[in-house]
Amino acid sequence: MMKVLLVCEKTEDVLLLETLLKRDNVELVKTSSVAEALKVCSEDSIAIAVVDLEMAEMTDLSVVKNINSVSYLKDMSFIFLTTNLIGSRNTFNRFSVGRVDYLYKPLNPDIVNAKFDLFLSLVRLKNELEQQKAEAGRVQNELTLLKDRCVPERKSVRKELSKFENLRILVAEDNSISQFMIKKVLSSWNIDVDIADNGEMVLAKVSENKYDLILMDTYMPVMGGFEATRIIRSQQTDEINRIPIISLTASILEEERTEALRSGADEVLTKPFDPEILHSRIVKYTRIGGIA
């Protein structure tokens with residue numbers, strides 16, 4: 001329920017506005033005193049205030065001018081009622097659109113309804129954005145706490161991974177940065193690494209060289225990883241089609257993982273991969289244990 005404050009002393013205007021501002025989700029709070037209105041705003045959560053500028057207490061527009069300096073008025077929106085805005089136009093121009101606006105008297109019911117509905121929509125949108133921001137902040141805090149808990153544990157159990165002997169791996173990857181990073185990791189384990197930029201190059205290299213394992217990217221130009229894997233499994237010699245293939249993918253979709261396995265991959269690893277997991281899979285599929 002949104003609370004709206006009506007500050008007006010003329011009975012006929014109050015009766016008209018009571019009718020025009022009535023909404024199922026709006027609670028209308030009324031007062032004929034500026035002092036009482038400020039007290040209500042300081043004690044309650046008022047979303048919109050509809051204020052008659054021609055009340056005796058409003059002659060110098062001091063309340064309007066001090067909206068941004070009073071803490072409990074900073075987040076409120078205001079619709080002011082006036083018969084002549086000329087003398088106060090500069091005062092209104094100091095505020096952002098949707099924060100402060102005005103209605104001319106005598107009041108036109110259609111204009112009052114349209115402007116009030118617009119303000120209600122703006123306030124709801126603002127509240128939704130603030131809720132989303134708060135939720136995002138909460139999630140970020142939870143992730144930060146989780147990271148603070150997990151990272152020290154991972155660091156404490158992280159061990160230097162053993163090296164291999166006489167192992168040759170073909171890396172099928174078209175991205176130069178990924179090529180560099182994967183080769184750097186594998187080389188640190190004493191692995192001989194060849195690079196293929198696409199599926200066709202993979203087929204050419206496996207026909208010319210002997211590999212203990214293939215790391216196959218999913219999407220590459222010319223020929224993708226799925227097609228290259230299927231050809232290796234179905235059209236090559238027994239020695240070639242028995243080479244273990246680990247599919248590398250940046251996707252978390254189960255359909256893509258399933259397609260990789262259907263094409264003939266032995267396993268699927270998500271990029272960026274954990275070096276410890278990759279190391280363990282190399283040991284598993286090459287059946288070559290690392291050396292100290």
Side-chain angles (χ1 to χ4, degrees), residues 1-140:
M1 182 70 69
M2 192 181 299
K3 289 190 176 182
V4 174
L5 176 63
L6 173 58
V7 187
C8 184
E9 59 187 6
K10 289 187 177 180
T11 303
E12 60 271 26
D13 287 339
V14 171
L15 293 175
L16 176 60
L17 288 166
E18 275 186 308
T19 302
L20 296 178
L21 303 182
K22 186 176 181 180
R23 303 288 190 280
D24 291 337
N25 58 345
V26 170
E27 178 183 342
L28 190 62
V29 181
K30 298 175 295 181
T31 180
S32 59
S33 164
V34 173
E36 179 64 23
L38 292 173
K39 183 174 183 296
V40 170
C41 292
S42 67
E43 297 175 351
D44 209 341
S45 179
I46 301 296
I48 302 171
V50 180
V51 183
D52 188 354
L53 285 180
E54 297 178 0
M55 296 172 58
E57 299 171 78
M58 296 292 291
T59 54
D60 62 352
L61 294 178
S62 58
V63 175
V64 180
K65 295 175 182 177
N66 292 322
I67 285 176
N68 284 335
S69 61
V70 180
S71 59
Y72 53 81
L73 300 180
K74 285 182 178 180
D75 295 327
M76 289 174 53
S77 296
F78 294 84
I79 299 176
F80 292 108
L81 311 179
T82 182
T83 55
N84 183 4
L85 190 64
I86 295 176
S88 54
R89 186 175 298 278
N90 290 334
T91 299
F92 283 101
N93 289 339
R94 297 165 57 224
F95 302 99
S96 59
V97 175
R99 173 81 198 288
V100 171
D101 211 331
Y102 60 91
L103 288 168
Y104 282 118
K105 295 197 292 182
L107 298 172
N108 181 309
D110 291 335
I111 295 177
V112 173
N113 278 320
K115 186 155 292 188
F116 187 56
D117 285 336
L118 174 61
F119 266 64
L120 290 176
S121 298
L122 291 173
V123 171
R124 289 193 193 98
L125 178 59
K126 176 186 173 184
N127 292 340
E128 288 174 4
L129 291 175
E130 289 178 349
Q131 290 174 3
Q132 292 174 7
K133 183 178 179 180
E135 178 64 16
R138 184 189 66 78
V139 172
Q140 183 62 45

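Here the structure is a predicted model, which is why all the values come from computation and not from measurement.
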Does the side chain of [X] reach to within under 4.5 Å of the side chain of [Y], using non-hydrogen atoms?
X	Y	result
Val29	Val40	yes
Ile48	Leu5	no
Leu21	Val26	no
Val51	Ile79	no
Val50	Val7	no
Leu6	Thr31	no
Ile46	Val4	no

* Taking all non-hydrogen atoms of both residues into account, name the closest pair between Ser32 and Met55 and its distance. =>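 Closest pair (atom of Ser32, atom of Met55, distance): O-CE, 2.9 Å.
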* If you take all heavy atoms of Met2 and Ala47, which pair is closest and at what distance? ->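 In this case the closest contact between Met2 and Ala47 is CG-CB, 3.4 Å.
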Taking only residues two or more places apart in sequence, or in another chain, which ones meet [X] in a salt bridge (Lys or Arg N to Asp or Glu O under 4.0 Å)?
X	result
Lys105	Asp13, Asp52, Glu54
Lys3	Asp44
Glu18	Lys30
Glu12	none

* Asked: According to the salt bridge (charged side-chain N to carboxylate O under 4.0 Å, His left out) rule, which pairs have a member within residues 128-140, sequence neighbours left out?
  ->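 Of all non-adjacent pairs touching residues 128-140, those that pass salt bridge (charged side-chain N to carboxylate O under 4.0 Å, His left out) are Glu135-Arg138, Arg138-Glu142.
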With a 3.5 Å cut-off and sequence neighbours excluded, list the donor-acceptor pairs that the side chains of residues 115-124 form with protein atoms.
residue	atom	partner	partner atom	Å
Lys115	NZ	Asp101	OD1	3.4
Lys115	NZ	Tyr102	O	3.0
Asp117	OD1	Arg23	NE	3.0
Asp117	OD1	Arg23	NH2	2.9
Ser121	OG	Asp117	O	3.1

* What's the verdict on side chain to side chain contact (heavy atoms under 4.5 Å, CB included) for Tyr104 and Leu81, showing C-alpha distance, side-chain angles and the deciding distance? -> CA-CA 6 Å; Tyr104 282 118; Leu81 311 179; over 6 Å; no
Could you state the interatomic distance from [atom1] ([X]) to [atom2] ([Y]), rounded to the nearest 0.5 Å?
X	Y	atom1	atom2	answer
Asn108	Asn113	CG	CG	9.5 Å
Ser45	Met1	OG	CE	13.0 Å
Lys22	Leu20	NZ	CG	12.0 Å

* What do you reckon, is NZ of Lys10 surrounded by more than 12 foreign heavy atoms closer than 6.0 Å? ->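 No, the 6.0 Å shell around NZ holds no more than 12 heavy atoms from other groups.
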